[in-house]
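What follows is a single structure, written as C-alpha cells, with notes after it.
Chain letters run A, B, ... following the sequence lines, proteins first, then strands; residues in each count from 1. Atoms considered below: every heavy atom in the structure, side chains included; atoms not considered: hydrogens, waters and symmetry mates.
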There are 2 protein chains.
Amino acid sequence: MGEQLTIGELASRTGVAASALRYWEELGLLPAPARVSGQRRYPPSAVGLVGVVVLLRDVGFTLREIKAFIASRSPTGEGWRELYQRKLAELDQRIAQAQVARTAIAHGFACPHKDIFECSNFANGVAAILAGCSLEEAHSQVHSH
Amino acid sequence: MGEQLTIGELASRTGVAASALRYWEELGLLPAPARVSGQRRYPPSAVGLVGVVVLLRDVGFTLREIKAFIASRSPTGEGWRELYQRKLAELDQRIAQAQVARTAIAHGFACPHKDIFECSNFANGVAAILAGCSLEEAHSQVHSH
DNA sequence: CAACGGCTTCAAGTATGCTTGAAGTCAATG
DNA sequence: CATTGACTTCAAGCATACTTGAAGCCGTTG
C-alpha cells in the first residue's frame with residue numbers, strides 16, 4: 001500500500017533537513033504525521049507538500065505566509081481566492097523585479113561604461129524599481145551598445 | 001552644484017530606513033559619505049547606489065553577496081565577469097522558479113480539484129522544482145481545464 | 001537662551017529560519 | 001545482550017537584517 005516514510009527518508013527525498021521538517025511541523029506548516037513507536041511516519045503525499053513549501057519559500061514567501069497559504073486551501077472555502085490573488089500579484093511583482101535586475105546586470109555585463117552606475121540603462125532600471133515599478137516607460141530611452 | 005543629501009533625505013527618497021542605511025555602511029555595502037559637522041552628506045548618486053542594493057536584495061541576494069557584487073565592478077577588472085555571470089545564472093533560476101510557482105498557483109486558482117495537491121499540474125510543477133528544475137518535460141503532460 | 005528636530009554612536013533587542021547538543025528511546029544486528 | 005543507527009524532545013545557539021533605546025551634539029528658531 002502506501003509506503004510510509006521516516007523523517008530521514010522524507011528529508012533525503014526533498015532535500016530539506018530533518019530538523020527543518022520538525023521545525024516546520026512545530027510551526028504548523030506541516031501536519032503532525034502518524035507515529036510508529038514515537039517516530040514520525042509520513043505518507044508519500046508529504047513529499048509534494050514539502051515541495052510546495054520549498055517552492056514558495058524559495059520564491060520569497062515567509063513561512064507564516066506559506067502556512068496561511070496552505071491552510072487556506074479547500075476548508076471553509078472562503079478567503080482563499082483573495083489570498084491566491086494576492087500571492088499571484090506578489091509573485092508577478094517579484095518576477096518583474098527579477099527581470100529588471102536581470103536586464104540591468106546583463107546590460108552591465110556588456111556595457112562599455114567603466115562604472116556601471118554611470119550607465120543610463122542601469123540607472124533607469126534602478127529608478128523604475130525605486131519608483132515602485134510604476135509604468136513610466138516614457139523617459140526611459142534605452143541606448144543600444 | 002551637486003546637492004548633498006542628509007541621511008534622512010536619502011532615506012525618504014529611497015524608501016530605506018536611515019538606520020538601515022547606517023547598517024549598510026557599517027557592513028561596507030555603502031561607502032562612508034562626507035561629513036558636515038559630524039552628519040553624513042550623500043552625493044545624489046547615492047540614490048542610485050541604494051537603489052541597486054534594494055533591487056538586488058529584493059530579488060533574493062544577501063547583503064554579503066550584494067557587497068561582493070558592488071565591490072567587483074570596475075576596479076581590478078578581473079573576477080567581475082565570473083561574478084556577473086553567476087549572478088545572472090542565479091537570477092535566471094530565480095525567475096524560472098517564480099514562474100513555475102506562478103503557474104502552479106494560477107492553476108490552483110482555476111483548478112476544479114477540491115484539494116490542489118491532488119491536481120497533477122500542481123504536483124508536476126512541484127516535482128520539477130524538487131528535481132532541481134531539470135529538463136523533464138517528457139512526462140509532464142498538463143491537463144487543460 | 002532654551003527648546004526642537006534631526007543627526008550622531010553604541011549596545012541591546014527583535015524576527016526569521018533554522019542548526020546543534022544533550023540525553024534518551026527503539027528496532028535490528030552481531 | 002550489548003552495540004549501532006536512526007529516531008525522539010527540549011533548550012540553546014547562530015546568521016541575517018535590521019530596529020530600538022539611551023545619551024548626546026548641532027544648527028535654527030521663537
Touch class at under 4.0 angstrom, heavy-atom based, for A:A18 against every strand present: nothing
Residue mapping more 5' on DNA chain C - nearest nucleotide basis, A:L63 or B:Y42: B:Y42
Closest nucleotide among D:dC7, D:dT8, D:dA17 to the A:R40 side chain: D:dT8
Touch class at under 4.0 angstrom, heavy-atom based, for B:R22 against every strand present: base
Selected nucleotide, minimal atom distance to B:R64 side chain, candidates D:dT8, D:dT16, C:dC7: D:dT16
Nearest to side-chain heavy atoms of B:R57, which nucleotide of C:dT8, D:dT19, D:dC18: D:dC18
Selected nucleotide, minimal atom distance to B:A20 side chain, candidates D:dT9, C:dC7, D:dT19: D:dT19
From D:dC18, D:dC26, C:dT8, nucleotide with atom closest to B:W24 side chain: D:dC18
Nearest to side-chain heavy atoms of B:Q39, which nucleotide of D:dA17, C:dG6, D:dT9: C:dG6
5' priority, DNA chain C, between A:G38 and A:L27 [closest heavy atom]: A:L27
Sugar-phosphate only, base, or nothing, as touched by B:R41 at under 4.0 Å among non-hydrogen atoms: nothing
Main-chain N/O of A:T6 paired to A:E9 side chain as donor or acceptor, under 3.5 Å: yes
Sugar-phosphate only, base, or nothing, as touched by A:S19 at under 4.0 Å among non-hydrogen atoms: base
Nearest-neighbour nucleotide for the A:A17 side chain, C:dG17, C:dT19, D:dC18 considered: C:dT19
Check: B:R94 side chain, B:V59 main-chain N or O, donor-acceptor pair, under 3.5 Å: yes
